[in-house]
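The structure appears right after this line, and notes come after that.
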Number of protein chains: 2
Amino acid sequence: MEEKDTVQNILDSAQALVQRRGYNAFSYKDVSLEVGVRGASIHYHFPTKADLGVALVRRYRNYVEVQLKRIREQGGDAPEQLRQFVKLYQSVVTEDGRLCLNCMLAADFPTLPESVAAEVRYSLECNAVWLERVFAQGSAEGTLQFRRSASEEAHAFLAGIEGGMLLARAYGTPRAFETLALGAVMALEV
Amino acid sequence: MEEKDTVQNILDSAQALVQRRGYNAFSYKDVSLEVGVRGASIHYHFPTKADLGVALVRRYRNYVEVQLKRIREQGGDAPEQLRQFVKLYQSVVTEDGRLCLNCMLAADFPTLPESVAAEVRYSLECNAVWLERVFAQGSAEGTLQFRRSASEEAHAFLAGIEGGMLLARAYGTPRAFETLALGAVMALEV
DNA sequence: AATTGTATACCTACATGTAGATAGATGTCA
DNA sequence: TGACATCTATCTACATGTAGGTATACAATT
């Protein structure tokens, strides 16, 4: 019965560590100290670091997908959905210096085990696809105006979001992310 | 006489390694293998990794500043200067999976020695300030249109550039960076 | 001109700690 | 009893340095 808890605790701890420090700057020992089990126990649940990484990205993607689905089903107009998107990522980037998991792992990309890299690539693509649909909707309903294709605009928007997190943290002004991201939505409204 | 060469070789090698793998995923040994001197010799020139990091960021910032000054002095209109800015960063992100040094280090931010972190923060700010001036010029000369302040627009543009690099590399399509970034310029032209 | 001093740029060898991983023992509960 | 979860103990590899020595060059001293 402890199993579930331990696994969840490991994932929670590891996720926070990756979001703050990246894939290469956290260790089983860090997790073990936070969770209160020995390193060997983490290997029991996640034999290799790659296994842990894959589990992390999948769980995160699942969570995000659920939230994105909810936003679409709420049925607001395109700008409102983009604002909800921003809000979601703002909640993911809590006060304590975290970045979006995918963003951090994208930075570590060339050093990631291929299995983890593939999961990250797919997660990013999911976000882009969701955004593309919102941009298409905004164009159709006349609430967003832009010159590029919906796909290009979606990728650009996502780039701005990920880059915005990076910069806001480096400047030490996490609030700046919200301003930046909501400003980007406003800039596209009709 | 070897001295200058060795130091430059160390910096060149270390810069490429940081741009590809980040601050935490390269070692003195990696550099030593590439340069062909022993690890201890690198410590001779750069006593600690933080010293090496600071030297790296300063040299890079210097290079970028020289290029940006040149672009301003060439005196094109604002969109042209932005395109040159994109071109500069495209050249920095060569074919081999590199990212802008500041972008990589921004991702590693919480794990950086404070001395290195401060240099990165300053470098990013230099870019933002340069961009802000271009946006102000574009607004004044009527070649760029945007709704936010020049400062906000500059930070958003920079975020898009840094985030665009990250995504392009993760997708494995480095060419996408150019499309994305030049598209962002086009979207702002009158 | 030969000798000594001094700085540079390396080197070998080692110290200390951590990372990721494994083997095998122990406890615990249905 | 047996499966599951965790432990202790250990391994190999590597990271970041430090200690101390060597080779070379270029002065200044005699």
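In this text, all values refer to a predicted model and were calculated from it rather than measured experimentally.
Using a 4.0 Å cut-off between charged side-chain N and carboxylate O, Arg147(A) and Glu152(A) make no salt bridge. By the 4.0 Å N-to-carboxylate-O rule, Arg169(A) lies too far from Asp96(A) to be salt-bridged with it. A salt bridge links Arg83(B) to Glu189(B): one of the charged nitrogens lies within less than 4.0 Å of a carboxylate oxygen. Using a 4.0 Å cut-off between a side-chain N of Lys or Arg and a carboxylate O of Asp or Glu, Arg21(A) and Asp108(B) do not qualify as a salt bridge.
For Ile10(A) and dA5(D), the CD1 to P distance is 11 Å, given to the nearest whole Å. The distance from atom NE2 of His43(A) to atom C1' of dG20(C) is 5 Å, rounded to the nearest whole Å. Protein atom CG of Asn24(B) is 12 Å distant from nucleotide atom C1' of dA15(D), rounded to whole Å. Atom pair Phe26(A):CZ and dT18(C):P shows a separation of 17 Å (rounding to whole Å applied). Look at CG on Asp5(B): it is 15 Å from C1' on dC10(C), rounded to the nearest Å. Rounded to a whole Å, the CD atom of Gln8(B) is 13 Å from the P atom of dA9(C). Atom OH in Tyr44(A) sits roughly 8 Å away from atom P in dT6(D) (whole-Å rounding). dT22(C) atom P lies 14 Å from atom CD1 of Ile42(A), rounded to whole Å.
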* Asked: In B/S/- notation, 5' to 3', how is nucleotides 25-30 of chain C contacted by protein heavy atoms closer than 4.0 Å?
  -> ------

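Taking side-chain N and O atoms only, Thr48(B) has no distance below 4.0 Å to OP1 or OP2 of dG17(D). The side chain of His45(A) contributes an N or O atom lying less than 4.0 Å from OP1 or OP2 of dT6(D).
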Return the polar atom pairs (N/O with N/O) between nucleotides 7-11 of chain D and the protein under 3.5 Å, or none.
residue: dC7(D); atom: OP2; partner: Arg38(A); partner atom: N; Å: 2.7
residue: dC7(D); atom: OP2; partner: Ser41(A); partner atom: OG; Å: 2.6
residue: dT8(D); atom: OP2; partner: Arg38(A); partner atom: NE; Å: 3.0

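By the 30° and 60° cut-offs, the orientation of the rings of Tyr89(B) relative to Phe85(B) is tilted. The aromatic rings of Phe135(B) and Phe146(B) sit perpendicular, their planes meeting at an angle over 60°, well past the 30° parallel limit.
Looking only at atom types and distance, the side chain of Asn24(A) has a donor-acceptor partner in the side chain of Thr111(A) under 3.5 Å away. Of the N and O atoms on the side chains of Gln84(A) and Arg72(A), not one donor lies less than 3.5 Å from an acceptor on the other residue.
By the side-chain contact (heavy atoms from CB on, under 4.5 Å) test, Ala107(B) is found to be paired with Ala107(A), Leu166(A), residues two or more places apart in sequence or in another chain being considered.
Closest to the side chain of Lys29(B), out of dA19(C), dT6(D), dC14(D), is dC14(D).
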